[in-house]
Q: 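Once you've had a glance at the structure underneath, I'll fire off some questions.
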Amino acid sequence: MRIGGSFPEFKIFTGNSNIALAEEIASIMGKPLGKADVGTFSDGEISVNVFETVRGRDIYIIQSTSNPVNNNLMELLILIDAMKRASAGRINAVIPYYGYARQDRKAKARDPITAKLVADLISAAGADRVVTMDLHAAQIQGYFDIPVDHLLGMPVLVKYFKKMKLPDLIIVSPDHGSVTRARNMAQPLNVPIAIIDKRRQKANESEIMHVIGDIEGKNCILVDDVIDTAGTITNAANKLTELGAQDVYACATHGVLSGKAIERIQASTIKEMVLLNTVPVLGEKQIDKIKVLSVAPIFAEAMGNIHNNDSVSKIFA
């Protein structure tokens, strides 16, 4: 891929959700961010003004639907609509973190399926393609009737921990839902896995029941896709330490870090938490225990390959 080269026929725009990541991606691709103003009217409605031509161009809109979720989602939808009405050639919604993904099925009667609803909104707004990373459930790709390029953050995390060369290492899944993710991390590191059996009483609250696997005296890495309130991951870390683990590390693609997350991480036995910058970690969230790695090179390469009609999957081959 021609990283750092010029792609004259496409333009990159961003909303306000993750400007630093958008700037880094654009810099890698040798392009400035497109000139647009994304703000609000006095009553809070989203206002979008695009100050350059996009007619016939391949347009990439980089926008995570993270906190404030509803504002960032509306910015994305209105940016897509603006590009469609300005006769853009192809509109690619680059969504590093896809919000509303946790409600991906009807777990009980009268539940909404918000992952599908948001997919419909993005398609109806006029997007021709979605590029995202580590969806909460891979089958969410099927909720779209447009192409979805599903990128993986795991190679970035694996590379980081390979460099650490931790002895007596074991990868731990914090629940049954992350077992495949744990295996995908354990395989390139050539280490075993353990599984935590938990019971969730209600949203954002969980109780650990059992740990399946030998973690005594081991360096443990807990792996998940999203860390929101950090209740599950910190309870798991504390339990592993209680059962005799040596050091406990944690990693995830998306560091949402809402509510009491930072307080819980600080008070936990987690030695280091490694996150990717799909969601910006700013202000009081920038603590010594948290290390943030960039996914900009992966997104830049994927976007370049899409523009050149080249394979995206070969990035992870």
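What you see is a predicted model; the values in this text were computed from it and never measured.
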Q: Check whether any side-chain N or O of Ser64 sits under 3.5 Å from a backbone N or O of Ser66 as a donor-acceptor pair, and report yes or no.
A: no

Q: Other residues, nucleotides and ligands only: do more than 12 of their heavy atoms fall within 6.0 Å of CG on Asn49?
A: yes

Q: Ignoring hydrogens, what is the shortest heavy-atom contact between Ile91 and Ile61? Give both atom names and the distance.
A: CG2-CD1, 4.0 Å

Q: Using a 4.5 Å cut-off on heavy atoms from C-beta on, say whether the side chain of Leu21 contacts that of Pro96.
A: yes

Q: So do the side chains of Tyr100 and Thr65 get within less than 4.5 Å of each other, counting heavy atoms only?
A: no

Q: Does the side chain of Phe299 come within less than 4.5 Å of Ile28's, by heavy atoms?
A: no

Q: Are the side chain of Asp225 and the backbone of His254 linked by a donor-acceptor contact shorter than 3.5 Å?
A: no

Q: Has Gln286 got more than 12 heavy atoms of other residues, nucleotides or ligands less than 6.0 Å from its CD?
A: yes

Q: Side chain to side chain contact (heavy atoms under 4.5 Å, CB included), that's the test. Do Ile196 and Lys239 meet it? Break it down for me.
A: CA-CA 9 Å; Ile196 290 178; Lys239 187 68 173 181; 5.6 Å; no

Q: Check whether any side-chain N or O of Gln266 sits under 3.5 Å from a backbone N or O of Glu263 as a donor-acceptor pair, and report yes or no.
A: no

Q: If we only count heavy atoms from C-beta on, is the Ile290 to Ile262 side-chain gap below 4.5 Å?
A: yes

Q: Within a radius of less than 6.0 Å around CG of Asp37, do more than 12 heavy atoms belonging to other residues, nucleotides or ligands occur?
A: yes

Q: Hey, is the main chain of Ala93 close enough, under 3.5 Å, to the side chain of Gln63 for a donor-acceptor pair?
A: no

Q: Quick one: closest heavy-atom pair of Ala230 and Ile265, and the distance?
A: CB-CG1, 4.0 Å

Q: I want to check something: taking the side chain as every heavy atom from C-beta on, are Ile122 and Leu77 in contact at a cut-off of under 4.5 Å?
A: yes

Q: Testing the basics here: between Cys251 and Met185, what is the closest heavy-atom pair and its distance to 0.1 Å?
A: SG-CE, 3.7 Å

Q: Say you draw a straight line from CG of Asp81 to CE of Met74; how long is it, rounded to the nearest 0.5 Å?
A: 9.5 Å

Q: Among Asn92, Ile25, Leu76, find the one that has a side-chain contact (heavy atoms from CB on, under 4.5 Å) with Ile62.
A: Ile25

Q: So do Asp104 and Tyr143 actually touch side chain to side chain, heavy atoms under 4.5 Å?
A: yes

Q: Sort and list the pairs that fulfil salt bridge (charged side-chain N to carboxylate O under 4.0 Å, His left out) and have at least one residue in residues 117-141, not counting sequence neighbours.
A: Lys116-Asp120, Arg129-Asp149

Q: Mind running side chain to side chain contact (heavy atoms under 4.5 Å, CB included) on Val223 and Ser178 for me, showing each step along the way?
A: CA-CA 7 Å; Val223 58; Ser178 292; 5.6 Å; no

Q: Do Val148 and Ile306 sit in one hydrophobic cluster, given that two such residues count as connected whenever their side-chain heavy atoms are within less than 4.5 Å of each other, even indirectly?
A: no

Q: Does any part of the side chain of Val191, heavy atoms only, come nearer than 4.5 Å to the side chain of Ile170, both counted from C-beta?
A: no

Q: Could you report the tightest heavy-atom contact between Thr241 and Val248, atom names first, then the distance?
A: OG1-CG2, 3.7 Å

Q: Atom CG in Leu189, atom CD in Gln187: separation rounded to 0.5 Å?
A: 10.0 Å

Q: Working to the nearest 0.5 angstrom, can you tell me the gap between Gln141 CD and Thr132 OG1?
A: 9.0 Å

Q: Could you give the distance from CD (Glu301) to CG (Asp310), rounded to the nearest 0.5 Å?
A: 9.0 Å

Q: First locate atom OG1 of Thr253, then atom CE of Met133, and finally report the distance between them rounded to the nearest 0.5 Å.
A: 7.0 Å

Q: Checking side chain to side chain contact (heavy atoms under 4.5 Å, CB included) for the pair Met273/Lys291: CA distance, chi angles, key distance, verdict?
A: CA-CA 6 Å; Met273 177 174 286; Lys291 170 78 173 179; over 6 Å; no

Q: For the pair Lys31 (side chain) and Phe10 (backbone), establish whether a donor and an acceptor sit closer than 3.5 Å, ignoring hydrogens and angles.
A: yes

Q: Please list every donor-acceptor pair under 3.5 Å in which a side-chain atom of residues 154-169 meets a protein atom from a residue at least two apart or in another chain.
A:
| residue | atom | partner | partner atom | Å |
| --- | --- | --- | --- | --- |
| Tyr160 | OH | Glu272 | OE1 | 3.0 |
| Tyr160 | OH | Glu272 | OE2 | 3.2 |

Q: Check for a donor-acceptor pair, side chain of Glu52 on one end and backbone N or O of Lys35 on the other, with a separation under 3.5 Å.
A: yes

Q: May I ask you to test the Leu275-Leu257 pair for a side-chain heavy-atom distance under 4.5 Å?
A: yes

Q: If you round to the nearest 0.5 Å, how far is CE of Met83 from CZ of Arg85?
A: 13.5 Å

Q: With clusters defined by side-chain heavy atoms of hydrophobic residues (ILVMFWY) lying less than 4.5 Å apart, directly or transitively, does Leu152 cluster with Ile171?
A: yes

Q: Could you tell me whether a side-chain N or O of Thr278 sits under 3.5 Å from a main-chain N or O of Tyr97, the two making a donor and an acceptor?
A: no

Q: State whether the side chain of Ser47 and the backbone N or O of Phe41 hold a donor-acceptor pair below 3.5 Å, judged by distance alone.
A: no

Q: Just by distance, do the side chain of His150 and the backbone of Leu135 share a donor-acceptor pair under 3.5 Å?
A: yes

Q: Identify the heavy atoms of Lys271 and Asp247 that sit nearest to each other, and give their distance.
A: NZ-OD2, 3.5 Å

Q: State plainly whether one hydrophobic cluster holds both Val130 and Ile59, where clusters connect Ile, Leu, Val, Met, Phe, Trp and Tyr through side-chain heavy atoms under 4.5 angstrom apart.
A: yes

Q: Is there a path of hydrophobic side-chain contacts, each under 4.5 Å between heavy atoms of I, L, V, M, F, W or Y residues, that connects Val256 with Ile287?
A: no

Q: Begin with the C-alpha distance, continue with both residues' side-chain angles, and end with the deciding distance and a verdict on side chain to side chain contact (heavy atoms under 4.5 Å, CB included) for Val274 and Tyr249.
A: CA-CA 8 Å; Val274 184; Tyr249 299 81; over 6 Å; no

Q: In terms of side-chain heavy atoms, does Glu75 have a donor or acceptor partner in Ser17 at a distance below 3.5 Å?
A: no

Q: If you count heavy atoms of other groups shown closer than 6.0 angstrom to NZ of Lys260, is the number above 12?
A: no

Q: Quick check: closest heavy atoms across Tyr98 and Ala119, and the distance to 0.1 Å?
A: OH-N, 3.1 Å

Q: Establish, from distance only, whether the side-chain atoms of Ser268 and Asn238 form a donor-acceptor pair under 3.5 Å.
A: no

Q: Does a donor on one side chain and an acceptor on the other come within less than 3.5 Å for Asp197 and His176?
A: yes

Q: Kindly say whether Arg55 contributes a backbone atom to a donor-acceptor pair with the side chain of Arg57 at under 3.5 angstrom?
A: yes

Q: Looking at residues at least two apart in the chain, or sitting in another chain, which of them share a side chain to side chain donor-acceptor pair (under 3.5 Å) with Tyr60?
A: Asp58

Q: Just wondering, are more than 12 heavy atoms of other shown residues or ligands nearer than 6.0 Å to CG in Asp111?
A: yes

Q: Do Val69 and Leu121 share a hydrophobic cluster, counting only Ile, Leu, Val, Met, Phe, Trp and Tyr and linking them when any side-chain heavy atoms are less than 4.5 Å apart?
A: yes

